[in-house]
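The figures that follow rest on heavy atoms only: side chains count, while hydrogens, waters and symmetry mates do not. So that the names make sense, note that chain A is the first sequence line, chain B the second, and so on, each numbered from 1. Keep in mind that what you see is a predicted model, and the values were worked out from it rather than measured.
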Amino acid sequence: MIREVVLDFETASFVDLTESGAARYSEDASTEILCLNFQVNRTGPIYSWRPTYQDEDYRETVAHRILADLVVDPDVIFIAHSAGFEKAIWRNIMVPVYGFAPIPGRRWHDTMAVAAMKAMPLDLDLLSRVLGLDVTKDMEGSSFTKKLSRPNRRGELDRSKPSLERVYDYCSVDIRSQTAVHARLGWLPPMERDIWLLDQRINERGVRLDLGYIRAAKSVVDRASEPLGHEFHRITGIPKFTQVQKLREWCAAEGVIVPDLQKETLARILNVDIDGDLEDDDDPFSYRPTLPDHVRRALYIRQLVGSASIKKLDRMQSCVSLDGRARGLLQYHGAGPGRWTGRLLQPQNFPRGTLKVDGEAPDPELLVNAIMTGDPDVVEMLFGPPVEAVVSGLRHTIVADQGRVLLSGDYAGIQARVVLALAGQWDKLGLMAAGADVYIDMACEIFKMERPVGKEAISRWKHEHMRERQSGKNSVLGLGFQMGWWKFQLKYAQAEAEAFCRRVVETYRKEWAPEVPKLWAALERAAVETVWTGRPHEAYGLEYRLEDGWLTATTPSGSKIWYYNPKPTRKAMPWSTEEEPDIRAAWTYQVKKQGRWITVDAYGGLLTENYVMRIETDIMAEAMFRLEREGMPLVLTVHDEALTEPLIARADEAMMKQVMADSRLARQLKIPLQIDTWAGDRYKK
DNA sequence: GTACTCTGCGCC
DNA sequence: AAACGGCGCAGAGTAC
């Protein structure tokens with residue numbers, strides 16, 4: 001019979017767990033176990049295993065004998081909340097220090113993974129509260145235990161007997177929470193369990209970081225920003241250029257109103273063309289007359305060195321394992337519809353490089369070699385502003401191991417392809433499948449222009465009508481999920497008039513992809529019907545049903561999207577008035593947003609986006625299994641991109657394309673896939 | 001001090 | 001006639 005063991009370590013260390021992650025934490029020499037609490041089959045007694053006792057050898061205790069037996073029994077499954085932590089402590093301390101047998105990956109279960117799959121909060125306290133589980137938390141005991149796990153003010157770990165006794169007293173509380181959560185949430189279904197097991201292999205494999213390069217990059221940044229920081233302080237009186245509000249207030253006092261300090265805003269104000277397609281180039285001098293030189297200089301410094309991304313360098317140093325690989329960078333199902341999210345150094349939001357050498361991104365090795373000198377002057381001479389150069393080279397910190405290469409593949413424009421395929425907009429998909437530039441197609445539709453024919457004409461058009469193409473691209477990518485003209489203007493076209501934005505949105509909905517709004521409406525209707533009647537409803541291959549406190553949407557691949565606590569509501573439409581009210585049936589659900597558990601309105605565009613993201617993730621996960629089988633072990637996934645680290649002999653871009661293209665689900669849904677690949681020693685975009 | 005929220009900013 | 005995409009992290013600011 002399968003037995004379940006819920007377990008929870010309390011530990012102490014000089015290493016900061018949130019800063020460094022479980023892998024680095026567990027292998028640090030200062031990390032020690034205070035106790036391990038565990039409970040068998042939900043109702044049994046809670047045992048506490050400890051490495052030290054008053055009078056007896058820990059090996060002689062009942063807890064130890066029971067635990068040792070459980071570990072070697074292949075029918076026992078170990079359950080933890082955020083199991084990556086318990087697994088790491090087990091692997092790096094329990095086995096080597098206390099002589100327990102290793103526990104293979106297949107014998108672990110993670111209650112956090114189930115919470116993630118069902119779109120619930122991951123944090124155990126909030127999760128218990130939201131689920132209404134009646135576990136009273138001993139707040140004092142909890143904060144005391146937390147305090148004891150870190151060095152005190154004098155820089156020591158407190159090991160006094162009364163303190164430890166207090167921790168032991170408190171410990172069973174988390175076990176009760178975990179057991180209750182497990183009883184409520186249950187197991188992962190087989191398909192999801194396979195994905196989670198894959199996730200664990202990827203997280204434990206980690207990704208190699210070039211520590212020498214990281215050190216050099218930090219040196220470049222430090223040496224370049226120091227004089228600039230002083231100058232900034234002199235000009236503005238603000239000690240740090242990270243103080244956004246103060247800087248804005250200072251600018252205002254100097255007579256310059258700055259709406260925000262975002263990259264693009266700053267570029268516009270300073271009139272620096274960052275991407276070669278500055279949106280507001282009608283009047284390039286609009287800001288100049290009102291911008292005093294010292295304000296310009298202060299903002300310029302902020303632009304030069306204000307990038308927050310370089311903090312990734314510090315994070316890399318603190319979370320890299322002793323063997324030079326960073327682990328635990330991905331959270332399984334971190335986003336509602338199944339996507340992985342990034343952790344620690346957040347490998348999913350590396351800035352895209354802005355450096356250009358002869359109009360192209362520089363060769364990673366050349367850039368790295370320059371930065372390796374640690375000398376900002378060398379970098380400046382070869383590539384331009386040193387901090388910008390380091391930011392552009394941040395991705396290159398990720399490298400392949402000896403004898404291996406990085407091999408990356410990404411699904412080009414997959415979001416647009418999936419939404420068009422689900423909606424049945426086959427004409428546009430046909431264009432995409434034939435390799436046409438649909439952004440140009442949409443632009444021609446918006447601006448009523450003649451479509452260019454022939455390779456040369458297209459290339460010329462692209463060059464001559466860059467702005468029109470950008471509008472086309474934004475529309476194709478952004479308007480598939482019911483974005484209105486207001487948001488479109490805010491996000492992509494602040495320089496354009498309302499009428500223009502209205503026309504773009506109208507063109508997308510009425511002319512370019514008229515099937516897509518039908519998809520929004522159908523999903524909305526099916527979901528509302530399900531929530532209001534309690535009976536399942538299907539639309540466009542997606543089946544909504546109520547399931548034990550959630551509304552689920554089952555996709556054609558059998559995967560599900562979960563919405564917690566769906567409630568029927570009535571909602572006034574935006575155009576509803578007193579005289580002509582338009583109140584319709586709708587529904588809400590609950591979700592964690594910006595750390596808070598809130599109620600949100602469901603609407604067709606959102607349901608469509610969730611559906612599309614789920615399908616994308618399914619296609620990606622499917623491909624990841626095949627890549628692993630073909631000798632291309634995954635190290636990262638960035639939503640539509642798979643980064644693998646095969647042996648040099650197995651690194652074959654054509655093979656990768658083929659493996660990623662070979663998707664049962666894409667065939668079933670008639671989604672034409674296009675895969676772009678590259679191989680190299682360093683990560684890049 | 002610690003916990004939390006808000007803003008900014010990076011990605012898909 | 002038509003709306004609110006998904007994330008994580010750093011730092012500042014605020015509340016206790």
**Message:** Is the terminal nitrogen or CZ of K685(A) (NZ for Lys, CZ for Arg) located under 6.0 angstrom from the six-membered ring centre of F350(A) and within 45° of that ring's axis?
**Reply:** no
**Request:** Measure up the W597(A) and Y564(A) rings against each other and bin them: parallel (under 30°), tilted (30 to 60°), perpendicular (over 60°).
**Result:** tilted
**Message:** Any residue in residues 327-350 of chain A with a heavy atom nearer than 4.0 angstrom to DNA chain C? Just list them by number, or reply none.
**Reply:** A335(A), G336(A), R339(A), T341(A), G342(A), R343(A), L344(A), Q346(A), N349(A)
**Complete:** Rounded to whole Å, CG of L636(A) lies from P of dC12(B) at a distance of 13 Å
**Prompt:** Which residues pass the salt bridge (charged side-chain N to carboxylate O under 4.0 Å, His left out) test with K118(A), sequence neighbours left out?
**Reply:** none
**Asked** Just how far, in rounded Å, is P of dT5(B) from CH2 of W597(A)?
**Response** 15 Å
**Asked** Which whole-number value in Å describes the distance from K592(A) NZ to dG6(C) P?
**Response** 15 Å
**Asked** Does a side chain donor of either D110(A) or Y332(A) reach within less than 3.5 Å of an acceptor in the other side chain?
**Response** no
**Request:** Give a yes/no answer on whether the side chain of K685(A) brings an N or O atom under 4.0 Å of OP1 or OP2 in dC12(B).
**Result:** yes
**Prompt:** Taking atom C1' of dG6(C) as reference, at what distance in whole Å does atom CZ of R614(A) sit?
**Reply:** 13 Å
**Message:** What I want to check is whether an N or O donor and acceptor connect the side chain of Q482(A) with the base of dA3(C) at under 3.5 Å.
**Reply:** yes
**Complete:** Closest to the side chain of P351(A), out of dG6(C), dC11(B), dA10(C), is dC11(B)
**Request:** Name the closest nucleotide to the R315(A) side chain, picking from dG8(B), dC9(C), dG6(C).
**Result:** dC9(C)
**Asked** Atom CD1 of I414(A) to atom P of dG5(C): distance rounded to whole Å?
**Response** 21 Å
**Fill in**
Residue set satisfying side chain to side chain contact (heavy atoms under 4.5 Å, CB included) with A389(A), at least two apart, ordered chain then number -> L355(A), L367(A), V379(A), F383(A)
**Message:** If only side-chain N and O atoms count, and only distance matters, is there a donor-acceptor pair under 3.5 Å linking E529(A) with Y544(A)?
**Reply:** no
**Request:** Could you tell me whether the phosphate oxygens of dC9(B), OP1 or OP2, come under 4.0 Å of any side-chain nitrogen or oxygen in R302(A)?
**Result:** yes
**Prompt:** Do R469(A) and D437(A) pass the salt bridge (Lys or Arg N to Asp or Glu O under 4.0 Å) test, and can you show the C-alpha distance, the side-chain angles, and the key distance before you say yes or no?
**Reply:** CA-CA 9 Å; R469(A) 184 174 178 276; D437(A) 188 327; 2.9 Å; yes
**Asked** Looking for any heavy atom pair under 4.0 Å, which part of the strands does F481(A) touch: base, sugar-phosphate only, or nothing?
**Response** nothing
**Complete:** Against the side chain of D601(A), the closest entry in dC4(C), dC12(B), dC11(B) is dC4(C)
**Asked** Out of dC11(B), dA3(C), dC12(B), which has the shortest distance to the side chain of E524(A)?
**Response** dA3(C)
**Interatomic distance where CG belongs to L523(A) and P belongs to dA3(C) [whole Å]** = 18 Å
**Item:** Spacing between E19(A) atom CD and dG11(C) atom P, to the nearest angstrom
**Value:** 10 Å
**Message:** Is the phosphate of dA2(C) approached by R584(A) (side-chain N or O, under 4.0 Å from OP1 or OP2)?
**Reply:** no
**Message:** Output the rounded distance in Å from CG (D16(A)) to C1' (dT2(B)).
**Reply:** 13 Å
**Item:** Distance below 4.0 Å between K487(A) side-chain N/O and dG5(C) OP1 or OP2
**Value:** yes
**Donor-acceptor pair, side chain of R150(A) and main chain of A12(A), under 3.5 angstrom** = no
**Item:** Presence of salt bridge, R614(A) and D618(A), under 4.0 angstrom
**Value:** yes
**Asked** Do any of residues 505-520 of chain A sit with a heavy atom less than 4.0 Å from DNA chain C, and if so which?
**Response** R509(A)
**Fill in**
Nearest-nucleotide check on DNA chain C, L122(A) vs G604(A); residue mapping nearer the 5' end is G604(A)
Taking only nitrogen or oxygen atoms into account, show me every contact under 3.5 Å that the protein makes with nucleotides 12-16 of chain C, one pair per line with its distance.
{"residue": "dA12(C)", "atom": "OP1", "partner": "K240(A)", "partner atom": "NZ", "Å": "3.3"}
{"residue": "dA12(C)", "atom": "OP1", "partner": "T242(A)", "partner atom": "OG1", "Å": "3.1"}
{"residue": "dG13(C)", "atom": "OP2", "partner": "K246(A)", "partner atom": "NZ", "Å": "3.4"}

**Asked** Within the structure, does a side-chain N or O atom of K312(A) lie under 4.0 Å from either OP1 or OP2 of dC9(C)?
**Response** no
**Request:** Using a strict 4.0 Å threshold on nitrogen-to-oxygen distance, state whether E506(A) and K510(A) make a salt bridge.
**Result:** yes
**Item:** Distance below 4.0 Å between R502(A) side-chain N/O and dA2(C) OP1 or OP2
**Value:** yes
**Result of checking W562(A), Y563(A), Y589(A) against W550(A) for ring pair (Phe, Tyr, Trp, His ring centres under 6.0 Å)** = W562(A)
**Item:** Trace of the side-chain contact (heavy atoms from CB on, under 4.5 Å) decision for K592(A) with L126(A)
**Value:** CA-CA 10 Å; K592(A) 197 173 154 171; L126(A) 184 57; 4.2 Å; yes
**Request:** For E609(A), check side chain to side chain contact (heavy atoms under 4.5 Å, CB included) against everything at least two apart and list the hits.
**Result:** Q415(A), F481(A), M613(A)
